[in-house]
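Okay, so here's the structure we're looking at.
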Amino acid sequence: MLYIVISASIHGVVGESHSLSERVIFLLPSASASQAASGSSATVLRCFNLKGKSSSKSVNQVHHTNATEAMAEPVYTVPAFRQRSADEIEEYQRVSTHVGKGLASIQKELHRMRVATKTQVENIEIKREVQEMMHKKVTSSTETDKAPDFLVALRPHTVWETTPVKLFCTVDGHPRPIVKWYKGGKPVDPLSAPGKYKIESKYGVHSLIISRCVVSDTAEYSAVATNSHGSTTSKASVTVKSEFLSRALSFSLSCVVLVFSSVPHLTVIHHSKLEITMLDRFGVSFGTEGGSISLVCTMVVVPDLPNVPPLAQWYRDDKLLKAGKLAEIKVGGGAATMTLSHLAKDDEGLYTLRMWTKDGTTEHSAYLFVKDAAPSVAGAPGAPISVKAFDINSDYVLVAWKPPNTTNEAAITGYFVDKRESGSATWSQCNDAPVRICKYPVHGLSVGHAYHFRVRAVNSAGISRPSRESDKVTSPTCMCFACVGVPSAPGQVVATRNTKSSVFVQWDPPKHPNHLMGYYIDASLVGSKAWAPCNHKPYKHTRFVVHGLTPGETYVFRVQAVNVYGLSDESQESTPIAVEPALTTPSAPHGITMLSCDGASMIIAWKSPKHCGGSKINAYFVDKRDADTLAWKEVNSAPTKTRTYTVDGLTEGTFYEFKVQAGNLAGVGMPSAPSTPLKCEAWTTTVPGPAYDLALREVRGDSLVILWKAPVYTGASAVTGYIVEMAKKGHHYHPLNEEAIGHCYLQVTGLEAGAEYTFKVKAVNAEGIGKASQTSEPVVAKALPGTQEIQCGVDEDTGDIFLSFEACEISETSNFAWSKNYKEISDCPRVAIETKGKHSKLTFVNPDVSDLGAFSVVVTDTNGVSASHTVTEDALNTMLELSYNIRHPIVPLKHQLNYEVLEKGHVRFWLQCLKMSPAVTYRFIVNDKEVTSSDSHKISHDVNTRVIQMTVDHFSKASEATYTVQIHDGRAKNQSSLVLVRDVFKAVLKEAEFQRSEHIRKQGPHFAEYLSYHVDDDCTVLLVCKVANVKKETVFHWFKDEEEIVLETPPNVMSGSVALPISLFSRKDQGHYKAKLSDDRGKDTSVFDISGQVFDDIINAIAHIAGSSASELVLQCTPEGIRLQCYMKYYTEEIRTAWLHKDSKISSSEKMRIAGTAEMAWMQIREPSEKEKGHYSIQIMDATKSHTRTFDLSGQDRGRVVGGLPDVVTIMEQKTLSLTCTVWGDPSPEVTWFKNENEVVSTEHAKITLEANKFASLTITTVTSEDSGKYSINVRNKYGGEFVEITVSVYKQGESPPEPKMGGRGATPAPLASKAPAQTSIPQTPTPSLKSPTPSLRSSTPTAKSPTPPRHVKSPSPARSLKSPTPPRK
């Protein structure tokens, strides 16, 4: 019989000190249930109001002057008929007593379990705290190193069999000692006898627990403590007495009784006495062949005894599993674990953990899927399954197995069977040719030997991995293989929804099972031809839950039957099914409120259920009852889809109660709690009624959004706005907006994170502020963990503008509800909504300005997951532009179409893309005519460099055109054009012809670099060039103004460089220079015009070197006066120089004549006077700077030669030469004589005298030709000095005296010697070396330079300003 569960609530009688409130569960037959639903059966149990009898006060209608008070709901008074009679009270007491006993028993058991769990949790917490305190104590103390020492030593024990014993000791030492346990001198290994020994070390106390002692445990036990400073040992004996031997040795029964009474027995605790509560349980798991996996279930065990672990049993497909090399089973430490170390498809199945508890057993099951490992050969089948060997005869064994599932692989053509002897690792193949059925008799076995077998499947692609090996051969078993073929195909396949990632599949068995082994189930996405296996081991039943599916996807399923002969044909596909959670009925609505009343009807509203059940709520049903009656009456037989309803046929002045039920595709859910009694009384106030349906969305740490619906009752005029009030917990309500807002939502900001708030809404019209709405549900200003906001973007592939939201949490029945301006979007053609799992996406269809606004999303059946995003006009325009670019993509170009003239006169047209795929296509169009690749037009592209190019071999006048490249790369395209007409074309054509002629020129000897100039460090000007493609027979000629220049050393063209040196460069060297290169292969010419700016540039370069090398001004006495001289590397009158006296420029005149030689620039002052005293300087100017040298003629007391010495002396041999002069200076100057720049030392032959510091003389007696030379006298003091040069010529007797040659240097002011004291009052000049008072003279004939230019000619192409404007391009 079908029973219906009805829940009722029984409350205590008013006036009792403790009211009883318990939920009572009643089971009623289905007939009674249906009657209860209609409210017409006497057997219906309702939720009675047992508050007892109250004072009967009539409800008087009160007229209120205030509009808000007029709508206040009157207080409801319990009618007299609800007061119980004596029989009713007796029945109530009987029921409550019976129910109370049951509840008391349940409460007692719950209390006991709570206490036990609490005790366990407290013990764990205490242990944790003690450990932390001990750790802190140890780490905080400053211990000294200490050898181990037993503070509490082991003590001996004598126990009975099957009882536990605990040996413990306390050890001190630093570092902390390590304790090891020994039995009879041998280490105790807990793993050698699992569960027998348990070694613990806590808080310095070390213990060894022997769980169930036997006589063989009698021995001497020792604990050895060791650290880095030594070790120590404590020993104790354990004696285990046998109960049977004790009785046999006793002298009397009384003595035995005495012995047994003196030693108490420990109570044996059976596994069924434990209370076990499973906590974290293993779920559906997925593994791969060859891998490992652990199934773990944590639990709370009360009491948790170390010597009584829980009894856990593991099952696979209802077969008990035992620990072995393939499965490791552990129980203890609050967890039960099974580890499968080497997975095979045989391990696939439904795993069940069964625990023995006080109340029987508790268990948990979940499926483990094991998929095929990667095949050794692509396309090879999976490994066979369930290989078993049957001992049929003494010399052969029959091996049978199950075939693997094949979905996308080729069909299996057969199997190979392998064998190995136990104890051997070598496998040998049993059959030479593949066997087609799943059984094979293996012959040639040795009698009495044990064997293992494995199987490999074969198809056209290759051989599979081997199966798991079989167990040893079992005893003879009768096997019947009477089938003659594979089973027939299974029948109809039906798939139904299960969870958000699984589907429940059922099918009909095949009509011809032919000793069926099981089924393989395959799945495929709708629209895809690829099938994937759902199980990898034959499943025996005709129903299966397929796990691991993608939520939101649509699948079809098929089934194949399998036996020893292979797989059947596939069944027909199931109907497509979307992976969604199973539907449930919605939860109960809540928050019933009255919105309006006219005296004969009421408009009521309610809030939607918190859980919709996975389907849209499409129906609401309202029941009512008179508050003075018990029977409910149906208000609407036809469902209403809205959450407001007008209840007609009411009696004015009567109180009514209402309840509401919600319905969806799964059915009608539970009814709401009854509303408070509502009085049917006409509303006549002029202000609006209450707003309703308050909802809180987008709750964050400092903000939220509140939504509501407009009041149904508007009062005397239309509603113009709303006032929202907020109250923090413990505070009064206050308005959030001073002026009424016109829409039905408000974003509230400035909240305190973590605080609790409630809200009310009041409508406003022209008459005033209306009644407040119901108070919202309390909300805490705190975002849900992992909360994300709506993201707005443009799809990079399609160009669609979208809003995307990912929920931080979701339930199996959740839906995403999108809204615009907080009005729900339903079947709107302007948007498309797509939801997968936690992700929902709203895509705009042809977006425009009408799509501006605030978009929000709410995830149903969650704890308020919601978010919003406002689409602004600027953001929309930006996304529209991006969308257009994506939908109309272009090939991005890094460089537009351009041209390049190559060295042979070829013209290359090219462009470069930023992106390019190998599938790019393009075409060149010249004057609206497509050009294809040919010998004259070579067209190509390079994906790596993303360059497209066309090379025109012969660019001519016919090539004047507009060039265009059109590119297509996938959906993207672009084009680029280049116009080559008129002047632009002429320039390109000229360059192409030049490059063509250059190419022809370079086939013979030619100039790699044309003529250019270079000024050497000694101011020699070099005309340099570089030649190429020369040979020994190549001839090189220099010309100036068409006249050949013949050098002493012919140019060496094989060196690659040729130079023409021009020494003492001046204006006479201007002209037209030419270099010619020729041999039998051709000739080449380079010209260079030295004139104009080129000449000025050369002079400036010389001036730079000369100015940098210029010496300071020196003074030379001459017969006419004095001369200021500046020595430099080279001087010519073309160098720009300026002489200044007291910063005034001096022009050449009779008084001051300016001139120079190749070695110096000088200024002659004739008959100097007082007026010529002062500061003199010379400026040598190049193109960028001025080089200045100075001399001061202000001083009068410097050392100088007053007179007496000639410039030239001629004397005959054997005569006496006397060079005498008068010197002057204050203080008296020092006098030094030099011959040929070497100081003369006074000897008998050359005697030096200085009389009265005034008359200096050099007397050479008996002169010879060796005494000829240049003599000089250097007169100096601290203020300066000068030197005078005399040329002495000695001739032989009988010869004519040589004519004197004028032009030598006269008196020259000598710089201060290093011996002179330093003075600051008179400017001084730097002192040259005493051995070289006169700068060396430069030879008037320049040294011949190498025709090869110096190495510092770096550039392979000289600067444009240095190049010859020739050769002409012919």
Side-chain angles (χ1 to χ4, degrees), residues 285-291 293 316-319 321 324 326-327 340-351 367-376 380-390 397-419 427 430-431 434-440 442 452-459 462-472 474 479 481 483 486-487 513-522 531-541 544 559-568:
S285 304
F286 299 87
T288 305
E289 275 187 304
I293 197 169
R316 179 175 61 232
D317 297 332
D318 295 330
K319 290 184 179 180
L321 301 177
L326 298 178
L340 304 174
S341 57
H342 192 80
L343 286 173
K345 290 185 291 186
D346 304 72
D347 296 320
E348 183 172 290
L350 183 67
Y351 283 78
Y367 208 90
L368 170 63
F369 294 88
V370 182
K371 67 178 181 179
D372 289 304
S376 56
I385 312 161
S386 302
V387 178
K388 295 183 179 179
F390 300 91
V397 167
L398 184 65
V399 180
W401 60 90
K402 295 178 182 178
N405 189 10
T406 56
T407 52
N408 303 314
E409 299 85 5
I412 294 175
T413 57
Y415 301 91
F416 284 117
V417 181
D418 302 333
K419 69 177 179 180
W427 290 92
C430 301
N431 52 323
V435 60
R436 299 183 63 85
I437 62 174
C438 297
K439 62 178 181 178
Y440 181 74
V442 180
H452 296 271
F453 300 91
R454 71 181 188 187
V455 183
R456 294 171 291 153
V458 183
N459 67 1
I463 303 176
S464 73
R465 293 161 54 94
S467 68
R468 175 178 284 178
E469 67 178 29
S470 68
D471 296 330
K472 292 182 181 179
T474 59
M479 294 187 62
F481 294 100
C483 59
V486 298
N514 293 346
H515 296 278
L516 183 72
M517 289 182 176
Y519 301 93
Y520 282 124
I521 303 95
D522 301 330
W531 290 88
C534 301
N535 62 317
H536 303 83
K537 176 181 177 181
Y539 189 73
K540 295 182 178 180
H541 306 287
F544 188 76
V559 182
Q560 286 179 282
V562 60
N563 67 0
V564 294
Y565 284 92
L567 278 68
S568 71

Q: Considering non-hydrogen atoms only, spot the tightest contact between S464 and P384 and give its length.
A: OG-CD, 3.9 Å
**Q.** Minimal non-hydrogen separation, Y415 against I437, with atom names
**A.** CD1-O, 4.0 Å
Q. So, the side chain of D418 versus the backbone of R454: is there a donor-acceptor pair under 3.5 Å, distance only?
A. no
Q) Is a donor on one side and an acceptor on the other found under 3.5 Å between the side chain of E469 and the backbone of S467? A) no
**Q.** Short side-chain to backbone donor-acceptor contact, N459 and A411, under 3.5 Å
**A.** no
Q. side-chain contact (heavy atoms from CB on, under 4.5 Å) between V397 and F453: does it pass, once the steps are laid out?
A. CA-CA 10 Å; V397 167; F453 300 91; 4.0 Å; yes
**Q.** Nearest heavy atoms of P403 and N563, plus distance in Å
**A.** CD-O, 3.7 Å
Q) Taking the six-membered ring for Trp, are Y367 and F369 parallel (under 30°), tilted (30 to 60°) or perpendicular (over 60°)? A) tilted
Q.
As an exercise, state the distance from CD of E348 to CZ of R316, rounded to the nearest 0.5 Å.
A. 10.5 Å
**Q.** Spacing of CG belonging to D372 relative to CD belonging to E409, to within rounding of 0.5 Å
**A.** 7.0 Å
Q) Got a donor-acceptor contact below 3.5 angstrom from the T413 side chain to the V458 backbone? A) yes
Q) Hey, does the side chain of Q560 reach the backbone of L567 with a donor-acceptor pair shorter than 3.5 angstrom? A) no
Q) Do Y520 and T407 pass the side-chain contact (heavy atoms from CB on, under 4.5 Å) test, and can you show the C-alpha distance, the side-chain angles, and the key distance before you say yes or no? A) CA-CA 10 Å; Y520 282 124; T407 52; over 6 Å; no
**Q.** Shortest non-hydrogen contact between M517 and K540, atoms and distance
**A.** O-CG, 3.9 Å
Q: Check the pair N405 / D522 against side chain to side chain donor-acceptor pair (under 3.5 Å), numbers first and verdict last.
A: CA-CA 9 Å; N405 189 10; D522 301 330; 2.9 Å; yes
Q.
Ignoring hydrogens, what is the shortest heavy-atom contact between Y519 and V562? Give both atom names and the distance.
A. N-CG1, 4.2 Å
Q) Are Y565 and N514 side-chain neighbours, meaning at least one heavy-atom pair lies under 4.5 Å? A) no
Q) Given V370 and K537, is the side-chain contact (heavy atoms from CB on, under 4.5 Å) satisfied, shown in steps? A) CA-CA 8 Å; V370 182; K537 176 181 177 181; over 6 Å; no
Q. Rounded to the nearest 0.5 Å, how far apart are CG of N535 and NZ of K345?
A. 10.5 Å
Q) Where do D346 and S386 come nearest, in terms of heavy atoms and distance? A) OD2-N, 2.6 Å
Q.
Just verifying a value: how many Å separate I412 CD1 and C438 SG, rounded to the nearest 0.5 Å?
A. 7.5 Å
Q) Salt-bridged, D347 to R468, with N to O below 4.0 Å? A) yes
Q: Report the residue from L326, L368, L321 that forms a side-chain contact (heavy atoms from CB on, under 4.5 Å) with L340.
A: L368
